[in-house]
Engineer: 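Could you have a look at this structure, given as structure tokens, before my questions?
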Amino acid sequence: MMGAFLAVLRRDLALALRAGGGAGLGVVFFLAVVVVTPFAIGPDLALLGRIGPAILWIGALLASLIGLDRLFAADGEDGSLDLMFTLDLPLELVAAAKGLAHWIATGLPLVAAAPLLALLLNIEPKATGALVATLLAGTPAITFLGLIGAAFAGAFRRGGLLVAVLVMPLTIPVLIFGVAATTAAITGPVPFGTPFRILLGLALGALVLGPVAAAAALRVARN
Amino acid sequence: MRCIDELRIAMWRAGRWQGTGTGGIMRLVGEGLACTRGLRRLFAALDFTVEAGTALLVTGPNGAGKSSLLRLIAGLAVPTAGAVRLEGEGADPEAGVAEQAHYLGHLDAHKAALPAARNLAFWRDVLGRSGLGVEEALETVGLGGLGGLPVAVLSAGQKRRLALARLLVAHRPLWLLDEPTTALDVGAQARFAEIMQAHLARGGLIVAATHAPLGLSGTRELRLGRIAVEEVPA
């Protein structure tokens with residue numbers, strides 16, 4: 001069963017990292033949002049430093065949603081999804097493997113790019129560590145909540161906006177506590193650990209809820 | 001011919017379906033199946049039994065519900081009424097029919113960007129690696145040496161052969177085949193008939209929706225379609 005899980009993970013990674021797979025798209029979008037923002041706000045370094053974490057988080061949230069609509073839809077169109085129903089591997093774990101592959105291909109590069117982009121937003125070095133930690137915990141949560149929307153998009157053959165509409169409200173708590181933890185690390189007065197632990201809790205909940213709900217959506221919609 | 005013999009030997013070695021369970025010969029039983037698509041009732045009160053070593057050909061005009069019946073058996077659609085089960089010696093009572101069946105639909109389930117061998121290796125890994133190796137399977141369906149090519153550059157017939165190879169890389173007793181010989185040339189059809197015959201000889205079961213004769217011996221026919229246009233009463 002572990003072998004089957006890893007096989008799904010490897011295949012989805014290979015597809016995402018291949019030219020035209022769309023893994024780079026998220027990072028480019030992230031880069032575009034963050035680079036453009038200082039020009040729009042103007043040369044107020046203090047303001048930039050204060051809202052920088054929020055801008056990085058919004059960029060990461062939106063970039064994480066890119067490509068989710070194709071996650072199950074592509075498998076549905078070529079017939080792979082039908083066969084996924086006939087595996088010994090439970091559909092929940094198929095969804096989890098696909099989510100993990102999607103996060104490694106699109107979420108992890110965002111986390112890696114964040115320290116560099118933090119420089120552009122005048123975020124202090126000590127806050128950069130906090131920012132990376134919150135993104136590392138928060139982006140998997142967004143991707144796994146996004147699995148629910150991805151399953152609906154795949155099942156009902158309505159991609160694109162449906163994912164954003166369905167998933168965005170679910171990710172608001174992640175955004176709130178992600179930004180709160182980063183701000184706490186910069187200005188206080190709440191210690192960084194307090195909101196960060198809630199963020200970790202949200203992430204763990206999403207890791208369980210996402211695949212289970214996605215598999216349920218796929219099962220209901222089959223026919 | 002050599003490939004087919006090797007296939008027989010490999011299937012015999014795997015011996016997955018010669019368990020010592022009770023309850024007689026393995027059989028697929030459908031009882032009182034009904035299927036409604038939209039407002040159209042495709043079939044109702046459909047009963048059938050397929051015993052190990054035999055094939056059931058599902059025939060009928062377009063829209064009669066052949067594909068729907070196969071999807072019902074594979075667990076990909078939910079019947080309006082009735083149930084399907086696999087019972088008898090060698091059937092796993094814990095698993096559903098779907099987990100013991102190969103479903104070969106209209107779509108080949110390949111990723112066009114990945115090489116043929118990579119696609120097949122993926123299905124071999126997730127379906128349980130209980131059959132032939134990737135190279136052997138490609139050899140058997142006549143794609144030897146083409147495993148490195150991306151599926152995108154294969155012809156329609158070659159893609160179909162690759163989908164057929166999936167039946168060989170993992171042992172499952174029940175084969176559900178929806179128009180399996182579409183796009184296959186005459187030689188490939190004959191070879192596939194040998195592969196199916198070998199599967200039946202090993203005690204496998206086949207349910208195939210088809211318009212063309214598949215060249216199998218020992219088959220029965222289930223004809224759908226007489227009630228195909230009956231409206232469902234409101």
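In what follows, chains are A, B, ... by sequence order, proteins preceding strands, each numbered from 1. Atoms considered below: every heavy atom in the structure, side chains included; atoms not considered: hydrogens, waters and symmetry mates. Keep in mind it's a predicted model, so treat the numbers as computed, not measured.
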Engineer: Any idea which of B/A109, B/A163, B/G128 has the most non-hydrogen atom pairs under 4.5 angstrom with chain A?
Structural biologist: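 It is B/A109.
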Engineer: With a 4.5 Å cut-off on heavy-atom pairs, point out which of B/L114, B/N119, B/V97, B/L104 contacts chain A the most.
Structural biologist: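 Counting heavy-atom pairs under 4.5 Å, the top option is B/L114.
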Engineer: For the candidates A/L6, A/D82, A/L89, A/L81, which exhibits the highest count of non-hydrogen atom pairs separated by less than 4.5 Å from chain B?
Structural biologist: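 Option with the greatest count: A/D82.
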Engineer: What is the distance from atom CG of B/L176 to atom OG of B/S67, rounded to the nearest 0.5 Å?
Structural biologist: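 Answer rounded to 0.5 Å: 11.5 Å.
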Engineer: Which atoms of B/H106 are under 4.5 Å from chain A, going by heavy atoms: the side chain, the backbone, both sets, or neither?
Structural biologist: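 Contact with chain A: none, neither part.
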Engineer: Going by the side chain to side chain contact (heavy atoms under 4.5 Å, CB included) test, name the single residue among B/T140, B/L167, B/V141 that passes it with B/F192.
Structural biologist: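 Testing B/F192 for a side chain to side chain contact (heavy atoms under 4.5 Å, CB included) against B/T140, B/L167, B/V141 leaves exactly one candidate, B/L167.
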Engineer: Counting only non-hydrogen atoms closer than 4.5 Å, does A/R10 touch chain B with its backbone (N, CA, C, O), its side chain (CB onward), both, or neither?
Structural biologist: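 Interface part for A/R10: both.
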Engineer: Tell me which pairs pass salt bridge (Lys or Arg N to Asp or Glu O under 4.0 Å) where either residue lies in residues 110-122 of chain B, with sequence neighbours left out.
Structural biologist: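 Listed by first then second residue: A/D75-B/K111, A/D78-B/K111.
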Engineer: Partners of B/E135 by salt bridge (Lys or Arg N to Asp or Glu O under 4.0 Å), sequence neighbours excluded?
Structural biologist: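 In terms of salt bridge (Lys or Arg N to Asp or Glu O under 4.0 Å), with neighbours along the sequence ignored, B/E135 is linked to no residue.
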Engineer: First locate atom CG of B/L177, then atom NE2 of B/H199, and finally report the distance between them rounded to the nearest 0.5 Å.
Structural biologist: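 Taking CG in B/L177 and NE2 in B/H199, the distance rounds to 8.0 Å.
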